[in-house]
There are 2 protein chains.
Amino acid sequence: MSRLAKERYAVMIEKLKRSGLKSTPQRLAIMRVLSENKEHPSVEAINKRLQKKFPGISQATVYRNIMLIKSLGEVLEIGFAGGGSRYDGRKPYSHPHVVCLECGKIIDPELASLRDMTREIAAGSGFEIKSFRLDFFGLCPACRNRK
Amino acid sequence: MSRLAKERYAVMIEKLKRSGLKSTPQRLAIMRVLSENKEHPSVEAINKRLQKKFPGISQATVYRNIMLIKSLGEVLEIGFAGGGSRYDGRKPYSHPHVVCLECGKIIDPELASLRDMTREIAAGSGFEIKSFRLDFFGLCPACRNRK
DNA sequence: TCGCAATTGATAATCATTATCAATTATGAA
DNA sequence: TTCATAATTGATAATGATTATCAATTGCGA
Ligand SMILES: [Mn+2]
Ligand SMILES: [Mn+2]
Ligand SMILES: [Zn+2]
Ligand SMILES: [Zn+2]
């Protein structure tokens, strides 16, 4: 468990306690996975990962706890229209993503030119901006070669 | 029907004929709505608009034809995870949107600082970028005042 | 005008997510 | 430590947007 993962996990635990909710083994395990997994896992992936330690853990429990952690503001949901959300528990705030159309891989890219975009939008539209979603879709290096 | 709408409609008709598909009244009407409606209408909104001219037009027909027009590359689908896509038949290519969290209004903002983002992402990630999705979420002027 | 593939309308199926509910469990008070 | 009880879990039903199915209808070329 990396330093960042430990920190993220600690913050989640902290918020959990502060809100008076229970620390069940399943819940803590889900938080741990979200804290350390860099691959923007799906509910299915998280469930699969937990089967080793919690044989028979319910899909519903994973959904429920992710929902809860999201309500605590500690995980970013990247939902897609076709169904199948992906989650980022390491950076629970708006940030850009690059998605591979072939294999579904998702990465967090650097993007310096993002700086003043929100400000520009707010000024131009009169909207009060709360969050954003920026996805780039394409083919990852591996899938490009495979063609 | 504005000049732009007429042009968009003409392009859709053109592609439809070139692909050997039939020009049914329902299909043409759906294309017309997509060409002229600036509000990023939903399937439900399109269906509602068409009830006047085609009482009893099937929801399935609207879905099917939007799917078809999308496959022709003539409408942009803005799908949301919670279900309920919105469509832009005036600008059928990747462009940013500003979405009101309160009333669902969607507008096409100006965004000069968008310029070299795709290039920067491609260079930094090694991905071959095909499209992007950029949404800003917030409160529109009307909904801000209403609070 | 005909013949038929394409299209429509009605409806069932799908699939991720959410709700329901009885059984289990974490937690704090006694 | 034992208890009381509200929270949580696991199993499963319900939901809602989308997609598939299929018989009846229709656009369009021969
Ligand atoms: Mn991320
Ligand atoms: Mn638009
Ligand atoms: Zn890939
Ligand atoms: Zn609004």
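Numbered from 1 within each chain, the chains take letters A, B, ... in sequence-line order. In this text the structure is predicted, and so the values were computed from the model without any measurement.
A/I107 places none of its side-chain heavy atoms less than 4.5 Å from the side chain of A/H97.
In this structure, B/F80 atom CZ and D/dT18 atom C1' are separated by 16 Å, rounded to whole Å. Counting to the nearest Å, the C1' atom of C/dT17 and the CG atom of A/N47 are 14 Å from each other. The distance between atom NZ of B/K22 and atom P of C/dT8, rounded to the nearest whole Å, is 9 Å. The distance from atom NZ of B/K17 to atom C1' of D/dG27 is 13 Å, rounded to the nearest whole Å. Between B/I78 atom CD1 and D/dA17 atom P there is a gap of 18 Å when expressed in whole angstrom units.
Residue A/P25 has its side chain nearest to C/dA26 when only D/dT26, C/dA26, D/dG10 are considered. Listed nucleotides: C/dG9, D/dT26, D/dT9. Nearest to the side chain of A/Q26: D/dT9. Of the listed nucleotides (D/dG27, D/dG10, D/dT9), D/dG10 has the atom at the smallest distance from the side chain of A/I57.
The residue among B/L21 and A/F54 whose nearest nucleotide of DNA chain D lies closer to the 5′ end is A/F54. Looking at which nucleotide of DNA chain D each of B/G84 and B/S23 is closest to, the 5′-most match is held by B/G84.
Salt-bridge annotation for A/E74 and A/R8: present, with a side-chain N of the basic residue lying under 4.0 Å from a carboxylate O of the acidic one.
Here the straight-line distance linking atom CD1 of B/I121 with atom CZ of A/F137 works out to 12.5 Å at 0.5 Å rounding.
The stretch residues 58-70 of chain A touches DNA chain D through A/S58, A/A60, A/T61, A/R64, A/N65, each having a heavy atom within less than 4.0 Å of the strand.
Of the possible polar contacts, one joining the A/D88 side chain to the A/K91 backbone as a donor-acceptor pair under 3.5 Å is found.
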Going through the checks in order, is the side chain to side chain donor-acceptor pair (under 3.5 Å) test met by A/T61 and A/Q26?
-> CA-CA 8 Å; A/T61 296; A/Q26 295 94 330; over 6 Å; no
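The side chain of A/S85 contributes an N or O atom lying less than 4.0 Å from OP1 or OP2 of C/dT17.
Linking ILVMFWY residues whenever their side-chain heavy atoms come closer than 4.5 Å, directly or via other members, places B/L114 and A/F127 in the same cluster.
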